Asker: 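This structure is in structure tokens; I'll ask about it shortly.
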Amino acid sequence: MAQPQQRVYQAWKGNNRFFLGGRLIFGPDAKSLLVSVALIVVPVLVFCAFIAPHLLHRFPDYNAGYAIPAVAVGFMIYVLLLLLITSAQDPGIVPRASHPPEEDFAYGNPLAGETPGRLQFPRIKEVMVNGMLVKIKYCDTCMIYRPPRCSHCSICNNCVERFDHHCPWVGQCIGQRNYRYFFLFVSSSTLLCIYVFAMSALHIKFLMGEDYPTVWKAFKHSPACLVLMIYCFIALWFVGGLTGFHSYLISTNQTTYENFRYRADSRPNVYDQGCLNNFLGVLCSKGKPSKHRFRAYVQEEVRAPVVNFGRQMEEEAAGGPRAKVEDDLEIGSDLLKISQRRNYEDVDVEMGNQDDSETKGMGSAKPKPAMGSGSQIPAVGSEVRVRHSSWDRRSGNWDMSSEVIGRSASDVLGRSASVTEAASQSRREAQ
């Protein structure tokens with residue numbers, strides 16, 4: 001019974017986790033999302049349960065006080081949606097290749113100090129970006145040359161376009177397709193912290209204006225306010241710092257990876273297009289579609305020809321490609337001689353075992369012209385034979401195909417017959 005065909009997400013080679021039949025893709029540390037969700041939901045619920053009810057009647061006009069918990073809940077839902085969008089989508093994973101790019105293999109150049117004849121593979125290439133050369137590296141895992149600003153995430157085991165960093169709180173790589181939502185998530189979390197902190201401080205102010213004239217007495221009457229204000233103050237340093245840092249990165253069109261790695265190089269930023277254009281490019285540009293269809297069925301890959309680097313490199317290291325061609329011709333010549341010796345015995349049998357005098361008469365003419373013609377006349381034919389014999393090469397062994405043996409036998413028979421006829425004619429003229 002045939003096995004059911006796998007889908008792309010079922011045969012995925014990265015470390016990602018998929019849910020809902022491949023509709024949602026997360027990083028391997030997706031469980032950290034539960035912690036992030038708890039850090040957002042719990043403070044808002046505490047605020048709505050212990051602080052917001054005391055503020056409902058502080059703004060009697062149009063019952064504006066009811067907007068205080070509504071804004072907090074609405075902000076919380078918005079932040080959670082941004083967190084889910086950031087975590088559950090493809091961050092910009094570059095498709096892997098099934099084999100290395102064979103067109104980039106080249107023989108070593110002795111003039112450049114490389115081993116002659118040895119196959120070389122460039123690890124770094126240079127491409128033109130905005131009029132400047134940018135180096136791109138080869139990824140051994142994905143077997144591709146990474147596009148500019150692409151890097152391989154060791155946690156997710158994927159190459160990600162415009163790789164920024166891997167966020168453990170989000171449980172996903174931050175790349176080209178989800179960086180916008182990550183920035184909105186961080187900035188919205190900052191605003192939520194400010195809102196809860198401000199409303200809690202407002203409640204303490206109202207308490208101090210009534211029966212609790214000191215801050216300590218007000219906090220003692222409402223300990224939830226004290227806990228929320230301390231929590232929001234600490235969280236504000238974290239998410240607020242991230243918001244400020246990524247605002248700077250966007251204004252200069254950098255990634256976190258580039259900023260930490262190249263900050264000391266003093267190299268010009270080839271991607272900077274001005275502060276306004278940089279912000280528009282991140283926040284207002286059209287998102288790129290994913291390069292993967294995770295729910296599609298796996299297609300059978302067309303395997304590239306297998307290159308036997310072991311024996312090939314050993315043979316070519318001695319003298320390069322030309323030496324290998326000469327070795328092929330020498331092997332083909334040896335095989336041709338073997339077939340000639342075998343076919344000469346067959347020719348003698350077919351000619352009816354001529355008498356000794358006739359054989360002696362041909363003794364000086366038969367072997368030498370035949371061998372001489374075998375080394376000179378079939379020059380084109382031997383080239384064809386060598387090319388065909390290379391088709392039958394298996395694991396470093398050379399075998400003669402039946403087609404080659406047939407051609408060799410027919411050629412030798414024809415030349416032997418012509419030499420015999422010429423020798424007989426000269427004997428008759430001599431008589």
Side-chain angles (χ1 to χ4, degrees), residues 3-30 85-106 119-129 134-168 170-182 255-258 261 271 287-310 312:
Q3 296 181 352
Q5 190 175 2
Q6 284 187 323
R7 296 183 185 268
V8 172
Y9 76 92
Q10 294 174 332
W12 189 252
K13 296 181 180 180
N15 297 332
N16 302 89
R17 294 186 177 184
F18 295 87
F19 295 93
L20 300 180
R23 293 177 176 87
L24 302 179
I25 174 175
F26 295 89
D29 48 353
I85 295 174
T86 305
S87 304
Q89 70 167 325
D90 173 16
I93 300 174
V94 181
R96 302 187 181 207
S98 58
H99 53 82
E102 298 177 358
E103 63 274 7
D104 293 309
F105 284 93
L119 286 177
Q120 303 288 340
F121 187 73
R123 309 294 302 180
I124 297 177
K125 282 185 174 183
E126 290 186 341
V127 296
M128 190 70 66
V129 178
V134 176
K135 293 182 179 180
I136 59 175
K137 296 182 179 180
Y138 176 77
C139 179
D140 294 305
T141 303
C142 301
M143 292 187 288
I144 60 169
Y145 283 99
R146 302 168 187 161
R149 313 190 81 178
C150 174
S151 183
H152 190 89
C153 176
S154 59
I155 299 176
C156 294
N157 197 24
N158 297 312
C159 280
V160 180
E161 289 185 297
R162 201 185 183 276
F163 177 78
D164 191 87
H165 69 288
H166 183 93
C167 182
V170 172
Q172 180 65 280
C173 290
I174 307 302
Q176 184 171 11
R177 299 191 67 248
N178 64 348
Y179 180 77
R180 174 190 307 173
Y181 302 103
F182 172 77
T255 64
T256 303
Y257 180 81
E258 294 168 349
R261 183 167 183 176
Y271 307 104
K288 293 186 177 180
S290 175
K291 296 182 178 180
H292 298 274
R293 296 176 58 194
F294 299 108
R295 289 181 50 78
Y297 289 102
V298 177
Q299 302 294 329
E300 294 184 1
E301 297 178 352
V302 179
R303 300 295 297 175
V306 178
V307 181
N308 187 1
F309 294 107
Q312 187 174 357

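All residue numbers in this chain count up from 1 along the given sequence. The analysis underlying the following values was restricted to heavy atoms, covering all of them including side chains, and did not include hydrogens, waters or symmetry mates. Note that the coordinates shown come from a computational prediction; the quantities given were computed from them, not determined experimentally.
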Asker: Kindly check if the number of other-residue, nucleotide or ligand heavy atoms within 6.0 Å of CZ (F19) is above 12?
Answerer: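 Yes, the 6.0 Å shell around CZ holds more than 12 heavy atoms from other groups.
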
Asker: Could you measure the distance from the OH atom of Y179 to the OG1 atom of T256? Nearest 0.5 Å is fine.
Answerer: 6.0 Å

Asker: Excluding sequence neighbours, so at least two apart, what forms ring-ring contact (aromatic ring centres under 6.0 Å, His included) with Y181?
Answerer: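 So Y181 forms no ring-ring contact (aromatic ring centres under 6.0 Å, His included) with any residue.
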
Asker: Going from OG1 on T255 to OH on Y271, what distance comes out if it is rounded to the nearest 0.5 angstrom?
Answerer: 9.0 Å

Asker: Just verifying a value: how many Å separate N16 CG and H292 NE2, rounded to the nearest 0.5 Å?
Answerer: 9.5 Å

Asker: Can you tell me if CZ on R293 sees more than 12 non-hydrogen neighbours from other groups inside 6.0 Å?
Answerer: no

Asker: Please tabulate, one pair per line, all N/O donor-acceptor pairs under 3.5 Å involving side-chain atoms of residues 170-178, not counting sequence neighbours.
Answerer:
unit_1: Q172; atom_1: NE2; unit_2: I25; atom_2: O; d: 3.2
unit_1: Q172; atom_1: NE2; unit_2: S87; atom_2: O; d: 3.1
unit_1: Q172; atom_1: NE2; unit_2: Q89; atom_2: O; d: 3.3
unit_1: R177; atom_1: NE; unit_2: K288; atom_2: O; d: 2.7
unit_1: R177; atom_1: NH1; unit_2: D90; atom_2: O; d: 2.6
unit_1: N178; atom_1: OD1; unit_2: G175; atom_2: N; d: 2.7
unit_1: N178; atom_1: ND2; unit_2: T86; atom_2: O; d: 3.1
unit_1: N178; atom_1: ND2; unit_2: C173; atom_2: O; d: 2.8

Asker: Please give me the minimum heavy-atom distance between G21 and Y9, naming the atom from each residue.
Answerer: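 Taking G21 first and Y9 second, the nearest heavy atoms are O-CE2, 3.3 Å.
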
Asker: Just verifying a value: how many Å separate S151 OG and K137 NZ, rounded to the nearest 0.5 Å?
Answerer: 8.5 Å

Asker: Suppose we screen for side chain to side chain contact (heavy atoms under 4.5 Å, CB included). Which residues come up paired with A30, at least two apart in sequence or across chains?
Answerer: F26

Asker: What salt bridge (charged side-chain N to carboxylate O under 4.0 Å, His left out) pairs are there with at least one residue in residues 140-160, not counting sequence neighbours?
Answerer: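 For residues 140-160, and leaving out neighbouring residues, the salt bridge (charged side-chain N to carboxylate O under 4.0 Å, His left out) pairs sorted by first residue read R123-D140, R149-E258.
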
Asker: Are any of the side-chain heavy atoms of F182 and H165 separated by less than 4.5 Å?
Answerer: yes

Asker: Does V94 reach the side chain of C142, with side-chain heavy atoms less than 4.5 Å apart?
Answerer: no

Asker: Keeping the roles fixed (side chain from H166, backbone from I155), state whether a donor-acceptor pair exists under 3.5 Å.
Answerer: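 Such a contact is absent between H166 side chain and I155 backbone.
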
Asker: What's the separation between atom NZ in K135 and atom OH in Y145, rounded to the nearest 0.5 Å?
Answerer: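 That separation rounds to 13.5 Å.
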
Asker: Indicate the atoms forming the closest heavy-atom contact of M143 with P101, along with that distance.
Answerer: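 Closest heavy-atom pair between M143 and P101: O-CD, 4.0 Å.
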
Asker: Looking at every non-hydrogen atom in both residues, tell me the closest pair between V160 and P91 and how far apart they are.
Answerer: CG1-O, 3.9 Å

Asker: Under the side chain to side chain contact (heavy atoms under 4.5 Å, CB included) test, which residues partner N15, sequence neighbours left out?
Answerer: P28, N157

Asker: Quick one, P147 and I136 - any side-chain contact, counting heavy atoms below 4.5 Å?
Answerer: no

Asker: If every non-hydrogen atom of P148 is compared with every non-hydrogen atom of V129, which pair is closest and at what distance?
Answerer: CG-CG2, 4.0 Å

Asker: Applying salt bridge (Lys or Arg N to Asp or Glu O under 4.0 Å), name anything that partners R180, two or more places apart in sequence or on another chain.
Answerer: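 For R180, no residue satisfies salt bridge (Lys or Arg N to Asp or Glu O under 4.0 Å) once neighbours in sequence are set aside.
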
Asker: Working to the nearest 0.5 angstrom, can you tell me the gap between W12 CH2 and R7 CZ?
Answerer: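 Output value for this atom pair is 15.5 Å.
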
